[in-house]
Each structure stands twice: as structure tokens, then as C-alpha cells.
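Just below is one structure, and these are the notes that go with it.
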Amino acid sequence: MSRATETFEKFLSNNSIFSNKNILQANYTPENIPHRDSEIEQIAKILAPALKLNKPSNLFIYGKTGTGKTLSAIHTTNQIQQMAQEMQIPVKIIYVNCKLKKIADTEYRLIAQLIREFGREIAVTGLPTDEVYRYFFKIIDTRKQIIILILDEIDQLIKKTGDEILYNLTRINSELKEAQISIVGISNDLVFTDTIDPRIKSSLSEEELIFKPYNAVQIQEILSQRAEKAFKENVVSPGVIAKCAAFAAREHGDARRALELLRIAGELAEREGVERVDIKHLDEAEDKLEKDRIADIVSSQPKQFQAVLYSVIMLSSKNSKICETGELYNTYRKICANTNLRPLTQRRVSDVVSELDMLGIINARTISKGRYGRTREVSLAINSQSEKKIMEIIEREFS
DNA sequence: CGAGATTCATGTGAAGTATACCTTTAGGCTTAA
DNA sequence: AAGCCTAAAGGTATACTTCACATGAATCTCGTA
């Protein structure tokens with residue numbers, strides 16, 4: 001029997017250590033969310049008027065990643081949707097992640113995406129933005145209804161395109177005759193509203209909610225609760241959950257990360273063919289998680305971005321981890337020449353560097369070297385393992 | 001010696017361009033009465 | 001004459017380029033102690 005068939009056999013024989021792996025998946029919404037009772041209650045209170053066909057206040061939710069913001073918002077709105085359905089009240093919930101490249105990362109694309117959420121098609125470009133708004137109004141204003149619009153990671157969108165979008169969104173309601181829209185903005189950045197127009201801010205965040213990070217004990221509870229359902233009995237070694245929680249607590253209480261860590265540890269154990277998830281798997285998982293996260297980001301970037309990133313890697317491995325924009329651009333030109341890529345101008349590359357910085361793949365800070373001009377010091381924000389993975393991805397992309 | 005001017009290499013804002021896609025409109029062709 | 005197709009005209013969004021000016025500390029300059 002070949003190696004491959006052996007693997008398949010094992011896979012098919014279904015002696016998986018998971019009983020339901022979905023429970024550990026990032027997009028899974030559990031029925032109860034521990035330690036977020038008061039937050040959920042508040043969200044529910046704020047959004048409850050929807051069930052009487054009144055427009056709920058706009059809501060802004062702040063908190064670091066993995067503190068259950070998105071989860072709580074989706075959970076609560078799901079319940080509202082369900083009740084509304086039973087009571088025959090027209091409430092529509094829309095969830096959009098504003099970070100997604102090419103989907104909702106500009107004003108036009110955001111509104112276009114909203115239209116698609118209503119099952120209509122709309123051109124990806126070419127229409128005036130006003131026209132897209134008008135079309136959106138037309139669709140939703142056909143009947144009396146409450147729309148709850150959840151804009152996840154809205155800070156990313158605002159940082160990139162300015163706060164005009166928010167202004168337009170807030171004035172939507174005055175243009176609607178039948179329908180009403182409430183906006184639930186979710187932001188990882190606690191201070192980003194400092195940069196937006198105060199008038200817009202006040203109308204947008206009629207209500208505010210801050211999610212505090214989980215502490216180690218809470219994360220541990222969350223983990224064991226989910227692990228119990230996700231894994232078969234006696235699969236997870238004692239101590240694994242505790243260590244997993246400790247990892248996460250170290251990272252400002254990021255529960256999503258902890259869950260993912262546990263899932264990957266499980267997958268690794270399973271792939272290895274062992275019956276138990278051990279600490280060892282957890283350590284490997286931490287590695288893999290970081291690698292996967294970055295691999296995801298990198299492979300979703302356009303070629304030009306990858307080429308710039310590749311230059312950064314090449315330079316930082318040669319020099320002492322830090323490179324300057326001048327030599328970075330030269331290296332980039334060389335790579336373009338070698339790969340038949342049309343080189344962008346330095347101006348554009350400068351922006352690309354900024355965007356990669358925003359993505360957290362590289363660090364770039366502008367410094368002045370006095371007499372010798374000014375530049376940006378660019379360094380990789382990732383470990384050498386991920387670095388190799390990135391190289392692989394990019395090299396594959398260019399072959 | 002120290003205050004101010006100079007300088008460098010690049011950051012950064014604004015405006016312009018290319019591309020891809022949109023709607024509208026006018027003209028030409030077909031068709032049915 | 002009405003209907004339909006096509007192509008041109010005129011519009012927008014987005015990614016990128018071009019142009020021009022801004023930045024900011026090391027270095028230079030020059031007056032002064």
C-alpha cells in the first residue's frame with residue numbers, strides 16, 4: 001500500500017480525534033458566549049427597538065482582536081433576526097468585513113457589496129458612487145423594514161479612504177421613506193475615532209461599547225467548553241488547555257487565537273496519527289498558526305506587493321535586518337527586470353510599503369539621517385520560519 | 001563655540017493618465033404590417 | 001414605422017504616474033566671544 005493510500009485509509013476510517021471540528025473553526029458561532037453576558041445584553045438592549053420596527057441607535061464596538069466583538073454582535077443579531085422572523089417583522093441583518101481587499105475596501109465597493117447582500121448584481125466599476133447609493137436606496141426602500149448593518153473592522157476602511165463614507169452612511173436615514181438603517185461599527189483600534197470629524201462621530205456612535213480582553217482564567221474556560229464538544233473524550237492531555245490559555249493571555253487575551261491554536265494542535269496530532277493532543281503539538285501549532293496567518297495575507301496580495309515584500313526579505317537577510325527605501329527600490333527594480341514585471345514608480349512603491357506596514361508584515365518608520373537625507377527604515381515583522389514560507393509562496397506565484 | 005543656513009534622499013499631497021467598465025444615444029439594419 | 005443591434009460618445013472608479021513641494025537632523029558657515 002502506498003504512502004498516500006495509507007493516509008487516505010486512515011482519514012476515511014474516521015477514527016478522528018475530533019467529534020466536531022467546526023466548533024473550533026474561526027467562523028463558528030456558539031449558542032452561549034461565556035463572559036460576555038453583560039455586553040450581549042447591552043447590544044440586545046440597544047438593538048431591541050428593531051423588533052418594534054423602530055430604528056435602533058447606532059452602535060460602536062471597540063476592543064482588541066479576539067475579545068468577542070464580532071461574535072457577540074453576530075450572535076445577538078442572529079437572535080434578533082430569529083425573533084423577527086417569528087413575529088413577522090421585517091428586520092434584515094447585514095454583516096460586512098471592511099478589510100477585505102477588492103470587496104469592501106472603498107466607499108463604492110462597500111455599497112456595491114451591500115447591494116450584493118440583497119441579492120442584486122452591480123457593476124464593479126464605472127457607475128458614479130451616487131448612482132450606487134441611489135440604487136441601494138431603491139432596493140431597501142421598497143418596504144418598511146429595519147436594516148442592521150454590521151461593519152466589521154471599519155477602522156481599516158476609514159484609515160484608507162477617509163471619513164466621508166461615515167458621513168454618507170449617517171445621512172442615509174433622512175433619505176429613506178420606508179426603511180431605516182442602524183449601523184453597528186466594530187473597530188479593533190480604540191483611538192481611531194480621534195481622527196474623524198466630531199459631528200460624524202457623535203451621530204455614528206450614539207452608543208458605545210468597549211470589550212475588555214479576556215483574562216487567562218476566562219480564556220481557559222472558553223477553551224475547555226469548546227474543546228469538550230469539539231474533541232472526543234480524553235483526547236486532550238491535561239495541561240494543554242491551560243498552556244493554550246497562557247499563550248493567548250500573553251497576547252492581550254485573544255480568544256480567537258487560542259481557539260485556532262487548539263484546533264491546529266488537534267489537526268497536527270491527527271495528522272501524526274496519535275490519539276492525544278499534547279503540549280508538543282501546541283508548540284508546533286503556534287508556529288504553524290503564525291505561518292498560516294502570514295501566508296494567507298501574502299498570497300492574497302497583488303503581485304506588485306509581493307515583489308516589494310520579496311525585496312524586503314532579500315535585503316533584510318543580507319544586511320542586518322534593516323533596509324532603507326533607496327536600496328529597497330533598487331532591489332525591487334532588479335526583481336522586476338528578472339521576472340518581467342512592469343516596475344512601479346518609487347512614489348507608488350512608497351505607498352505599497354506603507355500598506356504592507358499597515359498589514360503588519362513589515363515595520364517601516366521614517367527617519368531623517370540629517371545631512372544624508374531622509375528615508376524609511378524597513379524591517380520584517382515576522383520570524384524566519386514564516387519568512388521561508390513567504391519566499392515559497394512568492395516564488396510559486398512568479399514561476 | 002553656537003545659531004542659523006544648507007543639504008540630501010526621500011516622504012507626501014495634488015493633479016493627471018490609463019484602463020476597465022458603465023449608460024446613453026444615434027444610426028443602421030431588419031422586419032412586419 | 002417599429003424594433004433591435006451596434007458603435008460611438010461621454011461618464012466614473014481605481015491603480016498608477018508625474019510633478020512639485022515638504023521634511024528634519026547632520027553638517028556647514030560664519031559671526032562672535
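Chain identifiers are assigned alphabetically (A, B, ...) following the order of the sequence lines, protein sequences preceding nucleic acid strands; residue numbering begins at 1 within each chain.
Side-chain N/O atoms of A/Glu175 and A/Tyr133 include no donor and acceptor closer than 3.5 Å. A donor-acceptor contact under 3.5 angstrom links the side chains of A/Thr375 and A/Thr325, judged on distance only. Between the side chains of A/Asn383 and A/Lys291, no donor N or O sits under 3.5 Å from an acceptor N or O.
DNA chain C lies under 4.0 Å from no heavy atom of any residue of residues 94-105 of chain A.
The salt bridge (Lys or Arg N to Asp or Glu O under 4.0 Å) check on A/Glu387 picks up nothing, with sequence neighbours excluded. Not counting sequence neighbours, the partners of A/Arg256 by the side-chain contact (heavy atoms from CB on, under 4.5 Å) test are A/Thr65, A/Asp254, A/Glu260.
With axes fitted over five pairs at each extremity, the angle between the ends of the helix from B/dC1-C/dG31 to B/dT31-C/dA1 is 30° (10° resolution).
Cation-pi contact between A/Lys21 and A/Tyr28: absent, since separation from the ring centre below 6.0 Å together with deviation from the ring axis within 45° is not met. Judged by the 6.0 Å and 45° rule, A/Arg263 forms no cation-pi pair with A/Phe231. A/Phe211 does not carry A/Lys64 over the face of its six-membered ring by the limits of under 6.0 Å from the centre and within 45° of the normal.
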Q) What's the verdict on side-chain contact (heavy atoms from CB on, under 4.5 Å) for A/Gln145 and A/Val91, showing C-alpha distance, side-chain angles and the deciding distance? A) CA-CA 6 Å; A/Gln145 62 177 330; A/Val91 174; over 6 Å; no

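The nucleotide range of DNA chain C contacted by chain A, defined by atoms under 4.0 angstrom from heavy atoms of the protein and reported 5' to 3', is C/dG11 to C/dC28.
Scanning both residues, A/Val353 and A/Ala364, for their nearest heavy atoms gives CG1-CB, 3.9 Å.
Within 4.0 Å (heavy atoms only), A/Pro343 reaches sugar-phosphate atoms of the nucleic acid but no base atom. Backbone-only contact: A/Thr375 has heavy atoms under 4.0 Å from sugar-phosphate atoms and none from a base.
Residues A/Glu39 and A/Lys69 are not paired through a salt bridge, judged by the lack of any N-O separation under 4.0 Å between the basic side chain and the carboxylate. One finds no salt bridge joining A/Glu178 and A/Lys55 here, because no Lys/Arg side-chain nitrogen approaches an Asp/Glu carboxylate oxygen to under 4.0 Å.
Atom P of nucleotide B/dT10 and atom CZ of A/Arg365 are separated by 16 Å, given to the nearest angstrom.
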Q: Produce a footprint string for nucleotides 12-26 of chain B: one letter per nucleotide, 5' end first; B if the base is under 4.0 Å from any protein heavy atom, S if only the sugar-phosphate is, - if neither.
A: BB-------BSS---

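The aromatic ring centroids of A/Phe60 and A/Tyr62 lie less than 6.0 Å from each other.
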